[in-house]
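A short write-up of the structure that comes next.
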Amino acid sequence: MASTDKPTEISSAKMFDGYNKRYKHYSPTLGCSMNFHIYFPPSSSPSHKFPVLYWLSGLTCTDENFIAKSGAQRVASSEGVALIVPDTSPRGLNVEGESDSWDFGVGAGFYLNATQEKWKNWRMYDYIVKELPALIPENFPQLDTTRASIFGHSMGGHGALVIYLKNLDKYKSVSAFAPIVNPTNCPWGHKAFTNYLGENKSAWEEYDATLLISKYNNLSATILIDQGSDDKFLSEQLKPEIFEEACRKANVPLLLRMQAGYDHSYFTIATFIDDHIRHHAQALNL
């Protein structure tokens, strides 16, 4: 997929000897203008190519939250891995009801391809899996998207797990913070899937990591998940024990770390982010 619109740099800030850069471009997949961030680690030579680590953010977030709050750049800099941070949904399309609730529509794309006509532009799955990996090497030759891993938080943890499992040839590893592992079985997932995908439950199953794990289980790296024990969404929305059991049945290597006293916020992400970056750096053979 050749890009039709070269990304424009809209901000740049030095951090840990590398640079946070924000870009704007027109997305043919989503039919609107989109922003994304890249953290470029410091480079020892102009010909050096960095592997990439995609971060998928959670509900209500933009491409800015992770860059500003996670502190991931410190270890990304020392390990030599670039961070690619897209937005969480199309924006500016003015679809009726798109901003009526915080857990659906704008800021809540759920990393799927919507099939319902009203939400036809909500194709974040294709944007992440197809458009960005084509756009990046075309415009940033120092980034090597053939060496890629993926991780995320909450809705983005769901997206990272689903995208990884369905594209094991494209990503070396996956990890997540407080992911929505079984969206067909929780209120957030029911709301999103009913509106984006309709009533056909078989379509829902294509975006549920707990249901996909039995089908796509030839993993080369352990799945790492950090989940706070004081996360207010733990029992109703997240249910990591269901995913843990599915991984056990499918003989899939999972390291699920229940972190005592931690919540659903970026304070938790910042606390454990270094482990996640190193997990991916190891899988990327850095």
Side-chain angles (χ1 to χ4, degrees), residues 1-5 7 23 25-32 34-38 50-58 61-63 66 81-91 107-115 119-140 143-176 179-181 183 189 192-193 196-197 203-213 215-221 223 280 283-284:
M1 180 189 296
S3 69
T4 56
D5 186 34
Y23 297 91
H25 76 116
Y26 177 78
S27 165
T29 304
L30 304 175
C32 65
M34 293 291 284
N35 296 330
F36 61 87
H37 264 92
I38 300 178
F50 294 105
V52 300
L53 179 51
Y54 295 93
W55 169 267
L56 305 184
S57 295
C61 288
T62 68
D63 60 301
F66 180 78
V81 59
L83 303 172
I84 301 176
V85 185
D87 203 345
T88 53
S89 77
R91 292 185 191 267
F110 273 84
Y111 305 102
L112 48 72
N113 289 335
T115 55
W119 304 102
K120 63 185 178 185
N121 291 78
W122 267 248
R123 299 181 62 80
M124 288 301 292
Y125 180 93
D126 277 357
Y127 179 70
I128 302 298
V129 175
K130 297 178 180 177
E131 184 174 333
L132 277 182
L135 179 88
I136 297 296
E138 271 182 29
N139 294 280
F140 309 103
L143 304 184
D144 180 7
T145 52
T146 67
R147 291 185 296 151
S149 291
I150 192 165
F151 66 154
H153 171 231
S154 195
M155 174 184 73
H158 141 76
L161 289 167
V162 167
I163 285 170
Y164 172 73
L165 292 173
K166 295 177 79 164
N167 299 275
L168 290 170
D169 58 325
K170 291 185 171 73
Y171 306 95
K172 306 292 187 193
S173 53
V174 69
S175 70
I180 306 170
V181 292
F193 287 5
Y196 290 136
L197 301 172
W204 297 18
E205 293 171 5
E206 285 301 307
Y207 299 104
D208 187 312
T210 296
L211 302 178
L212 292 172
I213 201 80
K215 200 182 340 181
Y216 305 104
N217 52 22
N218 185 24
L219 275 61
S220 57
I223 297 172
H280 295 295
L284 293 161

How long is the span from the OG1 atom in Thr29 to the CD atom in Glu131, to the nearest 0.5 Å?
-> 3.5 Å

For Ser57, the side chain to side chain donor-acceptor pair (under 3.5 Å) test, sequence neighbours excluded, returns Trp55

Sorted by chain and number, sequence neighbours left out, side chain to side chain donor-acceptor pair (under 3.5 Å) with Tyr127 holds for His25

Reported CZ-to-CG distance for the pair Arg123 and Leu112, which is rounded to 0.5 angstrom | 10.0 Å

Counting only heavy atoms not in Asp169, do more than 12 sit closer than 6.0 Å to its CG atom?
-> yes

Does His158 have any ring-ring contact (aromatic ring centres under 6.0 Å, His included) partners at least two apart in sequence or in another chain, and if so, which?
-> Phe110

Does Ser175 reach the main-chain N or O of Phe151 with its side chain, forming a donor-acceptor pair under 3.5 Å?
-> no

Would you indicate whether the side-chain heavy atoms of Pro86 and Leu56 approach each other to under 4.5 Å?
-> yes

Applying ring-ring contact (aromatic ring centres under 6.0 Å, His included) to Tyr111 and not counting sequence neighbours gives none

Got a sec, which residues hit salt bridge (charged side-chain N to carboxylate O under 4.0 Å, His left out) with Lys170, two or more places apart in sequence or on another chain?
-> none

Do Ile223 and Ile213 touch side chain to side chain, with heavy atoms closer than 4.5 Å?
-> yes

By salt bridge (charged side-chain N to carboxylate O under 4.0 Å, His left out), which residues pair with Lys172, not counting sequence neighbours?
-> none

Would you say the side-chain atoms of Asp63 and Tyr23 include a donor-acceptor pair closer than 3.5 Å?
-> no

Should Ile136 and Phe36 be marked as a side-chain contact (heavy atoms from CB on, under 4.5 Å) after you check the CA-CA gap, both sets of side-chain angles, and the distance that decides it?
-> CA-CA 11 Å; Ile136 297 296; Phe36 61 87; 4.2 Å; yes

When every non-hydrogen atom of Ala148 is compared with those of Leu284, the smallest separation belongs to N-CD2, 3.6 Å

Residues at least two apart in sequence or cross-chain that pass side chain to side chain donor-acceptor pair (under 3.5 Å) with Thr146, listed by chain then number, are Asp144

Using side chain to side chain contact (heavy atoms under 4.5 Å, CB included) as the criterion, list what pairs up with Ala209, not counting sequence neighbours.
-> Leu161, Val162, Leu165, Phe243

Can you tell me how far the CE atom of Met34 sits from the OG1 atom of Thr62, to the nearest 0.5 Å?
-> 10.0 Å

Kindly indicate whether the side chain of Ile163, heavy atoms from C-beta on, has any atom under 4.5 Å from the side chain of Tyr54.
-> no

How close do Thr145 and Pro137 get, heavy atom to heavy atom, and via which atoms?
-> OG1-CG, 3.6 Å

Sorted by chain and residue number, the side chain to side chain donor-acceptor pair (under 3.5 Å) partners of Asn35 (sequence neighbours excluded) come out as none

Nearest heavy-atom pair of Asn121 and Gly31: which atoms, and what distance?
-> ND2-CA, 3.9 Å

What is the distance from atom OH of Tyr171 to atom OH of Tyr164, rounded to the nearest 0.5 Å?
-> 11.5 Å

Trp204 versus Leu211: any side-chain heavy-atom pair under 4.5 Å?
-> no

By ring-ring contact (aromatic ring centres under 6.0 Å, His included), Phe50 pairs with (sequence neighbours left out) His48

Can you check side-chain contact (heavy atoms from CB on, under 4.5 Å) on Leu30 and Met124, steps first, answer last?
-> CA-CA 7 Å; Leu30 304 175; Met124 288 301 292; 3.7 Å; yes

Listed by chain and number, what are the salt bridge (charged side-chain N to carboxylate O under 4.0 Å, His left out) partners of Asp208, not counting sequence neighbours?
-> none

Non-hydrogen side-chain atoms of Ser89 and Trp122 separated by less than 4.5 Å | yes

Step-by-step side-chain contact (heavy atoms from CB on, under 4.5 Å) determination, Thr88 to Met155 = CA-CA 9 Å; Thr88 53; Met155 174 184 73; 3.9 Å; yes

Start with the C-alpha distance between Tyr216 and Asn167, add both sets of side-chain angles, then the distance that settles side-chain contact (heavy atoms from CB on, under 4.5 Å), and finish with yes or no.
-> CA-CA 9 Å; Tyr216 305 104; Asn167 299 275; over 6 Å; no

What distance separates Asp126 CG from Leu132 CG, expressed to the nearest 0.5 Å?
-> 11.0 Å

Applying salt bridge (charged side-chain N to carboxylate O under 4.0 Å, His left out), name anything that partners Glu206, two or more places apart in sequence or on another chain.
-> Lys166, Lys215

Distance (rounded to the nearest 0.5 Å) between Ile38 CD1 and Ile84 CD1 = 5.0 Å

